[in-house]
Amino acid sequence: MTLKNLDLSLLRAFVTIADTESFTRAAVRLGLTQPAVSLQMRRLEAQLDRRLFDRSQGGVHLTVQGSDLLPQVRRLLALNDDVVAGLMETEVQGDVRFGAPEDIASTHLPTIIARFAERHPRVRLSVTCDFTANLMTQLSQGRLDLALIKRRPGPRASDERVFEERLVWLARDAALFDARPLSLVVAPTPDAYRARALDALQAAGIGFREAFVSPSLSGQLAAVRAGLGVAIAPATLAPRDLVVAEAGLPKPEPVEIALLVGKGRTGGAVDMLAREIKDVIFR
């Protein structure tokens, strides 16, 4: 049997049509005309001797054979893109300005920086740690190229990579959860976790006082270990020597962590750093 060499441009067009469910929208994404995309699919179907799309039901839908082929083609294109990106990595240079909240930066940033510096020695990376509101301002003003931010769960753009962070109450001693007013260890405004804590307590009608305020998660945890009060923190960062509230306090609303890229900032070193961040945090 003679093996066939598949044309990656035809396969990429196939995936784009499947994703958009439209030859016209796929053509726009690919920068081609609609007839050109239709011709590509006829060529691919002829090459594979398979009918990939059903065009007779008021739209464009994958056939059974097309559905079976799609995940394999995605893997093939991903491998191709990884190879090409790897060849380009050593050529990337320039400056990248990245922002992240302090708690995320303290846990994930060392790995991100180490991997990025090793793979892109000609790129200069600057990092800003701040509250989400301040990072968003800097991003909109063009002072950051990309940023990890915290926000309320809700509608989002299709290309944003997001994971949801569950929040928990922490204390040195479980008895502190029952104290009224509740002694709080929190960050100052406009911290996202602070907002979740206050919203949850106010909705439940639980009185509280701010016993200790620090912008640093490590500072807050030190105060909690000293028995100064109760803190709110991501479940994934909850230290084992502290007690997590199982009952008695309202469950805080979760937080979404999203990677946002500044308008017009895509390409080159920015894309490479975005890929590194996704590999480390969103894996």
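Quick note: residue numbers are just sequence positions, from 1.
With contacts defined as side-chain heavy-atom distances shorter than 4.5 Å, the pair Phe177/Glu246 does not qualify. The shortest side-chain heavy-atom distance between Leu69 and Phe14 falls under the 4.5 Å cut-off. At a threshold of 4.5 Å between non-hydrogen side-chain atoms, the residues Asp95 and Arg97 do not count as touching. Asp103 is listed as a side-chain neighbour of Lys150, based on a closest heavy-atom distance under 4.5 Å. Taking the side chain as every heavy atom from C-beta outward, Ile232 and Arg196 approach each other to under 4.5 Å. Val37 places none of its side-chain heavy atoms less than 4.5 Å from the side chain of Thr16. Using a 4.5 Å cut-off on side-chain heavy atoms (C-beta onward), Leu170 and Pro239 make contact. Residues Glu45 and Thr63 fail the side-chain proximity criterion, which asks for heavy atoms closer than 4.5 Å.
The CZ atom of Arg275 sits 13.5 Å away from the CG atom of Leu259 when rounded to the nearest 0.5 Å. To the nearest 0.5 Å, the span separating CD1 on Ile113 from CD on Glu276 amounts to 11.0 Å. Expressed to the nearest 0.5 Å, how far CZ of Arg43 lies from CG of Leu39 amounts to 6.5 Å. One distance of note links CG of Asn80 with CG of Leu11; it measures 9.5 Å at 0.5 Å rounding. Atom CZ of residue Arg115 and atom CG of residue Leu273 lie 11.5 Å apart, to the nearest 0.5 angstrom. Taking CG of Leu144 as the start and CD of Gln138 as the end, the distance is 4.5 Å to the nearest 0.5 Å.
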### Message
Test side chain to side chain contact (heavy atoms under 4.5 Å, CB included) on Leu148 and Leu135; report intermediate values, then the result.
### Response
CA-CA 8 Å; Leu148 280 168; Leu135 294 175; over 6 Å; no

### Evaluation steps, side chain to side chain contact (heavy atoms under 4.5 Å, CB included), between Arg172 and Arg225
CA-CA 5 Å; Arg172 184 181 71 176; Arg225 290 188 173 99; 5.5 Å; no

### Task
Could you go through the side chain to side chain contact (heavy atoms under 4.5 Å, CB included) check for Leu44 and Met41 one step at a time?
CA-CA 5 Å; Leu44 182 61; Met41 283 307 94; 4.0 Å; yes

### Task
Go through the steps for Arg151 and Leu260 under the test side chain to side chain contact (heavy atoms under 4.5 Å, CB included), then give the verdict.
CA-CA 12 Å; Arg151 65 185 182 190; Leu260 304 184; 4.3 Å; yes

### Task
Would you sort out whether Arg50 and Asp68 count as a salt bridge (charged side-chain N to carboxylate O under 4.0 Å, His left out), showing the intermediate values?
CA-CA 11 Å; Arg50 299 287 189 279; Asp68 291 341; over 6 Å; no

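Considering all non-hydrogen atoms of both residues, Arg180 and Gly248 come closest at NH2-O, 3.6 Å. Closest non-hydrogen pair, Pro215 versus Ala187, comes out as CA-CB, 4.3 Å. Shown here for Gln40 and Ala13, the closest heavy-atom pair between the two residues is OE1-CB, 3.2 Å. Taking each heavy atom of Asp173 and Ala175 in turn, the nearest pair found is OD1-N, 2.9 Å. Scanning both residues, Ala200 and Pro252, for their nearest heavy atoms gives CB-CA, 4.2 Å. Ala231 and Val224 make their closest contact through CB-CG2, 3.5 Å (heavy atoms, listed as atom of the first residue, atom of the second, distance).
Note on Ile206: it does not cluster hydrophobically with Phe212, by side-chain heavy-atom contacts below 4.5 Å among ILVMFWY residues. When the side chains of ILVMFWY residues are joined at heavy-atom separations under 4.5 Å, either directly or via intervening members, Ile257 and Leu217 end up in two distinct hydrophobic clusters. By the rule that hydrophobic residues join a cluster once side-chain heavy atoms approach within less than 4.5 Å of another member, Val168 and Val185 end up as members of one cluster. Hydrophobic clustering, with ILVMFWY side chains joined whenever heavy atoms are under 4.5 angstrom apart, groups Val96 together with Leu109. Cluster annotation: Leu228 and Leu201 are assigned to distinct hydrophobic clusters (Ile/Leu/Val/Met/Phe/Trp/Tyr, side-chain heavy-atom contacts under 4.5 Å, transitive).
More than 12 heavy atoms of other residues, nucleotides or ligands sit less than 6.0 Å from atom CZ of Arg143. Surrounding CD of Gln141 are more than 12 heavy atoms belonging to other residues, nucleotides or ligands, all under 6.0 Å away. Residue-environment remark: CG (Asp241) exceeds the threshold of 12 foreign heavy atoms within 6.0 Å.
Arg194 places no side-chain N or O within donor-acceptor distance of the main-chain N or O of Pro188, the cut-off being under 3.5 Å. Judged by distance alone, with hydrogens and angles left aside, the side-chain atoms of Ser183 form no donor-acceptor pair with the main-chain N or O of Ala211 at under 3.5 Å.
With 3.5 Å as the limit, one finds a donor-acceptor pair spanning the side chains of Ser218 and Ser216.
Remark: of the listed residues Val186, Val230, Leu182, Leu182 is the sole one forming a side chain to side chain contact (heavy atoms under 4.5 Å, CB included) with Phe208. The one candidate from Val244, Leu184, Val243 that meets the side chain to side chain contact (heavy atoms under 4.5 Å, CB included) condition with Trp169 is Leu184.
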